[in-house]
Amino acid sequence: MTKLGQWLCGLALLGSAWAVLALAPPALQPPSPLRQALLPLPLYLLVAFGCYSLATVGYRLATFNDCEEAAAELQEHIRAARADLRRRGLRL
Amino acid sequence: RLSVLLPTYNERDNLPLVVWLLVRTFRDSGIDFEIIIIDDGSPDGTQEVAEQLEKIYGSDKILLRPRARKLGLGTAYIHGMKHATGNFIVIMDADLSHHPKFIPEFIRKQKEGNFDIVSGTRYKGNGGVYGWDLKRKLISRGANFLTQVLLRPGASDLTGSFRLYRKEVLQKLMEKCVSKGYVFQMEMIVRARQLGYTIGEVPISFVDRVYGESKLGGNEIVSFLKGLLTLFATT
């Protein structure tokens, strides 16, 4: 199954479970406090996911390593390489 | 034995430096190697420099397999692989953003877990980037996050192009992959997972010396998103 397919299945499953419980006819309704929590649940989950995304990307952005030493080392290596290549006869 | 595939386009200045670093790394660690340079008709004389390098290091170590015009990365890999005699293939950029010193670490990792693919990652461990401003880093992390959520690929860096492959694995993947650019590298990992190949990761440092000249444009972001959604819907 494709990733899209998995998402659609998952959403269909959760969506129908939510619909059954939250939008049921009066006879089959779950107790009132549960219903009150259930009704806005999809929106809450969306907002929660949004916050999680922002926090995660923000954290990863802040901890993105800056390779200063790697850049400096590369400069050294470039110098050594140029010198050695010139010795070996490379004409740039 | 290791075959390094080096597709080049206008890398007249960087090519000799990359080759020098590769040769030194391999000689220092006793790794049997060959370097295959696939130049796409660079107008700046890259091919001439490649020929000089072939004279200096020998045509058994430096293989020149040029092409007439710019034909794209995917076909460059296919073309290069036809002439590769190694059982492992390393793909990397020829502009010095990837340092050959990581290749022995790739090999070590490969042996450690008998992996089919070892991917260099900028996002884990002490991997990282030099030369990117905040905006570029944000785009990178944001795109990677989106990719992780949608594709759950089991690898932390999908758009990276510094990797070690078993030769048969790369050949199989090249048959199946159809995208271009960043998405091409992503597709390789995704398809590899589909085919049950194992992927190991090694943190690498990516030193971007061209970022100032080549900004990440809106066009590239759009084509990345299109490619990502295509992979999402088809794999």
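Proteins get letters first, then strands, A, B, ... in listed order; numbering begins at 1 in each.
For CD of B:Glu48, the number of neighbouring non-hydrogen atoms (other residues, nucleotides, ligands) closer than 6.0 Å is 12 at most.
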| query | After noting the C-alpha distance and the side-chain angles of B:Leu17 and A:Arg82, does the key distance pass the side chain to side chain contact (heavy atoms under 4.5 Å, CB included) rule? | reply | CA-CA 7 Å; B:Leu17 305 172; A:Arg82 285 217 174 105; 3.8 Å; yes

| Worked check of side chain to side chain contact (heavy atoms under 4.5 Å, CB included) between A:Leu85 and B:Leu53 | CA-CA 9 Å; A:Leu85 284 167; B:Leu53 290 167; 4.2 Å; yes

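Contact residues of residues 20-47 of chain B toward chain A are B:Trp20, B:Leu21, B:Arg24 (heavy-atom distance under 4.5 Å).
Of the listed residues (A:Ala70, A:Gly5, A:Ala71), the one with the most heavy-atom contacts under 4.5 Å to chain B is A:Ala71.
With rounding to the nearest 0.5 Å, the separation of OH in A:Tyr52 from CZ in B:Phe145 is 5.0 Å. B:Lys135 NZ to A:Leu61 CG: the interatomic distance, rounded to the nearest 0.5 Å, is 13.5 Å. If you take CG on A:Asn65 and OH on B:Tyr130, they are separated by 14.5 Å, rounding to the nearest 0.5 Å. Atom CG of residue A:Asp84 and atom CD1 of residue B:Ile56 lie 9.0 Å apart, to the nearest 0.5 angstrom. Atom CD of A:Gln75 is separated from atom CZ of B:Arg209 by 6.0 Å, given to the nearest 0.5 angstrom.
Here the shortest heavy-atom pairing between A:Cys67 and B:Gly128 reads SG-C, 3.3 Å. For the pair B:Pro16 and A:Leu90, the tightest heavy-atom approach, listed with the atom from each and the gap, is CB-CD2, 3.6 Å.
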Distance-only criterion, 3.5 Å: show the donor-acceptor pairs between side-chain atoms of residues 222-235 of chain B and protein atoms not counting sequence neighbours.
| unit_1 | atom_1 | unit_2 | atom_2 | d |
| --- | --- | --- | --- | --- |
| B:Ser223 | OG | B:Asn219 | O | 3.4 |
| B:Ser223 | OG | B:Glu220 | O | 3.1 |
| B:Thr230 | OG1 | B:Lys226 | O | 2.7 |
| B:Thr234 | OG1 | B:Thr230 | O | 2.7 |
| B:Thr235 | OG1 | B:Leu231 | O | 2.6 |

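Both the backbone and the side chain of B:Val149 come within less than 4.5 Å of a heavy atom in chain A. Interface remark: A:Phe49 contributes side-chain atoms only to the contact with chain B (heavy atom separation under 4.5 Å).
Within the structure, the ring-ring contact (aromatic ring centres under 6.0 Å, His included) test picks out the following pairs touching residues 73-92 of chain A (sequence neighbours left out): A:His77-B:His99. Listed by first then second residue, pairs satisfying salt bridge (Lys or Arg N to Asp or Glu O under 4.0 Å) with a partner in residues 58-74 of chain A read A:Asp66-B:Lys137, A:Glu73-B:Lys101, not counting sequence neighbours.
Looking at B:Arg141 and A:Thr56, their side chains never come closer than 4.5 Å, going by heavy atoms from C-beta outward. Side-chain contact between B:Tyr123 and A:Thr63: absent, with no pair of heavy atoms (C-beta onward) separated by less than 4.5 Å. Side chains of B:Leu150 and A:Leu4 form no contact here, defined as non-hydrogen atoms less than 4.5 Å apart.
In this pair, A:Phe64 and B:Trp132 present their aromatic rings perpendicular. The plane angle is above 60°, beyond the 30 to 60° band.
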